[in-house]
Structure formats: structure tokens, C-alpha cells
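In what follows, a structure is listed as C-alpha cells, so that the remarks can point back to it.
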Amino acid sequence: MELIHDTGWAAQPATVEPPLRGDIDCDVVVIGGGGGGMSAALRLAEQGVDVVLLEAKTLGWGATSRNAGYITNSIAADPELLGLFLKRERLQSLYRYAENSVHFAEKAIARHGIDCGYQREGIVMAAVSKGQLRHARRNAKLMAEAGSSATFVEGREAGLPEGFLGGMREGVGGTLNPGEFVLGLRAATIAAGVRVHECTPALDVVDTGAGVTVHTPNGRVRARKALLTTNAYGTTLSITPKHLSTPVWTSLVETEPVAPERLDEIGWTSRAPMVTLHMILESYRVTPRGTIVFGTRRVQAGRHPLPERTPAPNVVDDLVRGFRERFPGLRDIQPRQAWGGWIAMSSTWLPVAGEASGNVLYSLACNGHGFAQAQYVGNLLAGHIAGAPLHEDLAAIWHGRKRFRRSLVGGPALYAGWLADRASDRLAALTK
């Protein structure tokens, strides 16, 4: 099996400005060229704002192209837990925001004519034990009350594979090829007239009061406002709020093609993409080319500066072992390649956006569910910078200038979560 560092998805040539050399001026500078940064720059350019987009690698090189390929209205924190700590109105606003994020991403695909294999099929938050199934039933009820489209489903009736007992089915969202999407969004960003400087990392961001100065290795950008959409890489900048996020490495594996009749034999007749209800989720989806992509299960916290790396062999081995346990009828199916990337976990376990200073806004709409949400928040922040009032969906995750508590996410906690999940798996096997 091949362990991949650079997927190559976002490394296609296109006409952009060269890496920044010298000093330039603009109205707004966007730092970070993932889905959120590109969406923000697109909206600003369309409104006639002179915008510069800085990216340390190539646009979409990070989590936007390396993710599992889900467009989902999920929020990282467990719905039942959220229901204990948040008022009903707050929970409703979060799920409204998350569902609108899905619709925004779908409209972006259609508007820019992006051919990325999008399949609008919803997602199943699947249970692999009786305890998880009871939890799914409670969560489905809670989420429905909060305005989500989630419904409780039984496994066989929903066309789920043997061993998956049922769960919550979300009627919105689906799956796509994230690399193909990134290439399409990158092309649209360039075509909109955004001044894009790839291979130009931001080293420091200084709010002078009258504006913002961004220092890069070979030049500076002076702007009226700045927007940070740097995801896991943001904490290298001194202006980023302290304890905003923890970088976490996630890994994915893709199998060889699987014959459709094999999927029917194991009961996966719906082909519905699934994420499990473990503490650290597992994801499984069938791609248009007939392979199965699966991932997460075990994640690792990182420290800055974040290294360029491939998935750890022991983590990949654990993922493959989990795949074979979940799909005993496909034990002979071989893994072909594995890749991964850095995501950011917020200290609140919720999507957040706010003000790093008077002239610098930030977003961190990720926590492993940010493909659609990061784009939507980038768009909303761009509108706010351009003078629009705070949108109600942006208000749902707005943190202002409040400080963050130190995150509990770390290597020992993530390893403990993995151990707890494996213990629950063993218990479920004993009680079958």
C-alpha cells in the first residue's frame, strides 16, 4: 500500500501571480487559501473589493483537498451533550447554520460548474452496537427538535451493511471528490480577478490601528482589513487568539475497486455513506469508481511548526483492521493507498468566528466537519468586512474578542478516546 504525502489534487498549473516579492497594497488581504479563504476572496472580488489571497502552498493544498469527501451538516460536539449545555434556541441556530452551509456548498458546485462527482445522498450516523443505537435514537429526536432533517433508521431497512444496526440519517448533503472540487474552486477564484499569491506564507500579521500589515518572506501586504482562514496552521501567527485550536492529524485509506454485487451481498444496498457514533468517528463511503474510502478512527495531536508527513503505519494498520472487522464479507479486499492531513479542533468543539483585533477577523469552522462550513463562514465574513450586517448564521458561531479556555484536546486524551472506543467494540462483540 502506498502512503501518500502530496495527493497532487491541488498542484495543477494555472495563471496566478508569482510568489510575492516587494510590497503591495490592497483593501482586504485573505490569509489561507483553503475553501474558506477562496470563498471569502471570491465574494469580495465580486463586490468590487481589491483583494489579495495569500497561500503558503497552492490553493486547497490542505484539509480542503485531503478530507474524506463529505458535505455534511454535522457539528463535531455530540448533540445529546450539546442539549445538556445549550439553550434550545442556541442549538436550533447551530443546526440552521450547519444546514445552510451544505446548501451553500451545493450552490457553489452548480454555480461554478465544478465536476467533482457530487452525490446528493445524505449521510448515516451509524451504530455498530446496541448502546450506539439507543444513543442514535435519542440524538435523532433531539436534532429533529432543533430543526435538523435527521431521522432514525434501522440497519437492514435502510440498506446498511451487516453489522451496522441503524442510526440517524441526514437527508441533506452527500459525498464528492474533494480534490476535483478544489481545482474547480481554484479556477473560479483566479477567474474572478483575485490577486492570488501561492507559495507565499504569512510570517506575521500586525494591526497598526489604521490598517493591517502582513509580513511574508520576500515582501509585505498593506491592507485595510485582514481575514484569517488558516485552519490548523493559524496558531503560528502571534495575532491568532490563544488556545483557539489544536492541530490534529487524520488519516484516510482507499481500497481496490469492489464489485457492486459484493456490496449487495453484505447488505450495503443503499450505498449510503456512513460515519460511526464512536467517540472518534470512523467513516466509510463508496466512491463513483467503486472503491471504498475510510478513515479517522485514530487521530494524533500535533505541535507547531507542523511537519509535512505521511500517515503513520501503525495508524493505517489500525484503520485497515477496523475496516475488516466492520466488513467481514470484504476481508479479501486490499487497501491501495493512504493519505492524510492536518485539521483544527477548536477548544470549544464548535465552529467559531470572531475578531483577532480591530481590523483582523478569523474563522475556524472545522473540527473535522468543515468542508462546507468553512466555505460558508468565509463567504459570510467577507460580506461582513464589505459592510453587511452580521448575518444570523454568522452570529450563531460568533465569538467576538472573547478569550478561549485551554483545550482538552491533546495526545493523551485522543489516545484515551481510541482506547475507550476499542473497549466498547469488544463489549459489543461479547453481547451479540
Test log, rule side-chain contact (heavy atoms from CB on, under 4.5 Å), inputs Ile397 and Leu350: CA-CA 8 Å; Ile397 63 168; Leu350 292 172; over 6 Å; no

Gln337 and Glu254: CA distance, side-chain angles, deciding distance, side chain to side chain donor-acceptor pair (under 3.5 Å) verdict: CA-CA 5 Å; Gln337 59 183 356; Glu254 184 174 18; 2.7 Å; yes

Trace of the side chain to side chain donor-acceptor pair (under 3.5 Å) decision for Ser148 with Glu170: CA-CA 8 Å; Ser148 168; Glu170 284 286 0; 2.9 Å; yes

Verdict with supporting geometry, Leu281 and Met125, side-chain contact (heavy atoms from CB on, under 4.5 Å): CA-CA 9 Å; Leu281 64 80; Met125 300 174 190; over 6 Å; no

Worked verdict on Met168 versus Leu142 for side-chain contact (heavy atoms from CB on, under 4.5 Å): CA-CA 11 Å; Met168 297 177 292; Leu142 183 73; over 6 Å; no

Ile24/Arg195 under side-chain contact (heavy atoms from CB on, under 4.5 Å): CA gap, chis, key distance, verdict: CA-CA 11 Å; Ile24 60 174; Arg195 286 194 278 166; 4.2 Å; yes

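Asn67 places no side-chain N or O within 3.5 Å of a backbone atom of Gly368 that could act as its donor or acceptor partner. Judged by distance alone, the side chain of Arg66 and the main-chain N or O of Trp61 form a donor-acceptor pair under 3.5 Å. Without hydrogens or angle criteria, Asp421 side chain to Met279 main chain gives a donor-acceptor distance under 3.5 Å. A donor-acceptor contact shorter than 3.5 Å is absent between the side chain of Ser93 and the backbone of Ala396. Side chain of Trp268 to backbone of Ala272: a donor-acceptor contact under 3.5 angstrom is found. Within the 3.5 Å criterion, the main-chain N or O of Gly36 finds no donor-acceptor partner in the side chain of Thr229. In this structure, the side chain of Ser245 does not engage the main chain of Ala344 through any donor-acceptor pair within 3.5 Å. Panel note: side chain Asn139, backbone Glu80; a donor-acceptor pair is recorded below 3.5 Å. When atom types are taken as modelled, the side chain of Ser347 and the backbone of His243 share a donor-acceptor pair closer than 3.5 angstrom. A donor-acceptor contact shorter than 3.5 Å links the side chain of Asn367 to the backbone of Ser346.
Between Thr246 and Ala301, the closest heavy-atom pair is CG2-CB, 4.4 Å. Residues Ser39 and Leu185 share a closest heavy-atom pair of OG-CD2, 4.3 Å. Heavy-atom minimum distance, Asn231 versus Ile343: ND2-CA, 4.2 Å. Minimum heavy-atom separation, Gly60 to Val182: CA-CG1, 3.7 Å. In terms of heavy-atom proximity, Ala98 sits nearest to Gln373 at CB-NE2, 4.2 Å. When all heavy atoms of Ile31 and Thr230 are compared, the pair lying nearest together is O-CG2, 3.4 Å.
At a threshold of 4.5 Å between non-hydrogen side-chain atoms, the residues Leu381 and Leu394 count as touching. By the 4.5 Å heavy-atom criterion applied to side chains, Leu94 and Leu86 are counted as neighbours. Using a 4.5 Å cut-off on side-chain heavy atoms (C-beta onward), Tyr415 and Gln300 make no contact. With a 4.5 Å cut-off on side-chain heavy atoms, Arg422 and Arg297 count as touching. Using a 4.5 Å cut-off on side-chain heavy atoms (C-beta onward), Thr296 and Ile280 make contact. For the pair Ile114/Glu180, no side-chain contact is recorded, criterion being any heavy-atom separation below 4.5 Å from C-beta on. Pro161 is not listed as a side-chain neighbour of Arg326, based on a closest heavy-atom distance of 4.5 Å or more. Using a 4.5 Å cut-off on side-chain heavy atoms (C-beta onward), Met38 and Val196 make no contact.
Salt bridge absent: Glu121 and Arg285 never bring a charged side-chain N and a carboxylate O closer than 4.0 Å. In summary, Glu55 and Arg186 do not engage in a salt bridge, as defined by a charged side-chain N under 4.0 Å from a carboxylate O. By the 4.0 Å N-to-carboxylate-O rule, Arg111 lies close enough to Glu46 to be salt-bridged with it. Salt-bridge annotation for Glu355 and Lys225: absent, with no side-chain N of the basic residue lying under 4.0 Å from a carboxylate O of the acidic one. A salt bridge is absent between Asp204 and Arg220: the closest approach of a Lys/Arg side-chain nitrogen to an acidic carboxylate oxygen does not fall below 4.0 angstrom.
One distance of note links CG of Asn218 with SG of Cys199; it measures 11.5 Å at 0.5 Å rounding. Atom CG of Leu54 is separated from atom CG of Leu20 by 6.5 Å, given to the nearest 0.5 angstrom. Separation of atoms CG (Leu203) and OG1 (Thr216) is listed at 6.5 Å; rounding is to 0.5 Å. Separating the CG atom in Leu82 from the CG atom in Leu91 is a distance of 6.0 Å, to the nearest 0.5 Å. For the atom pair CZ of Arg271 and CD of Gln119, the computed distance is 11.0 Å after rounding to the nearest 0.5 Å. Between the CD1 atom of Ile292 and the CZ atom of Arg336 there is a distance of 13.0 Å, given to the nearest 0.5 Å.
At least one cation-pi condition fails for Arg298 and Trp249: the charged atom is not both under 6.0 angstrom from the six-membered ring centre and inside a 45 degree cone around its axis.
Partner of Arg224 under the salt bridge (Lys or Arg N to Asp or Glu O under 4.0 Å) criterion, chosen from Asp207, Asp25, Asp27, Asp50: Asp27. Among the candidates Trp398, Tyr376, Tyr97, the single residue satisfying the side chain to side chain donor-acceptor pair (under 3.5 Å) test with Asp393 is Tyr376.
Ring to ring, His399 and Tyr362 are not that close: their centroids are 6.0 angstrom or more apart. Annotation: Phe164 is in aromatic contact with Phe327 [ring centroid separation under 6.0 Å].
Within a 6.0 Å radius of CZ in Arg21, no more than 12 heavy atoms belonging to other residues, nucleotides or ligands are found. Counted within 6.0 Å of CZ on Arg401, heavy atoms from surrounding residues, nucleotides or ligands total more than 12; the atom is thus considered enclosed.
A donor-acceptor pair shorter than 3.5 Å cannot be found between the side chains of Ser101 and Gln375.
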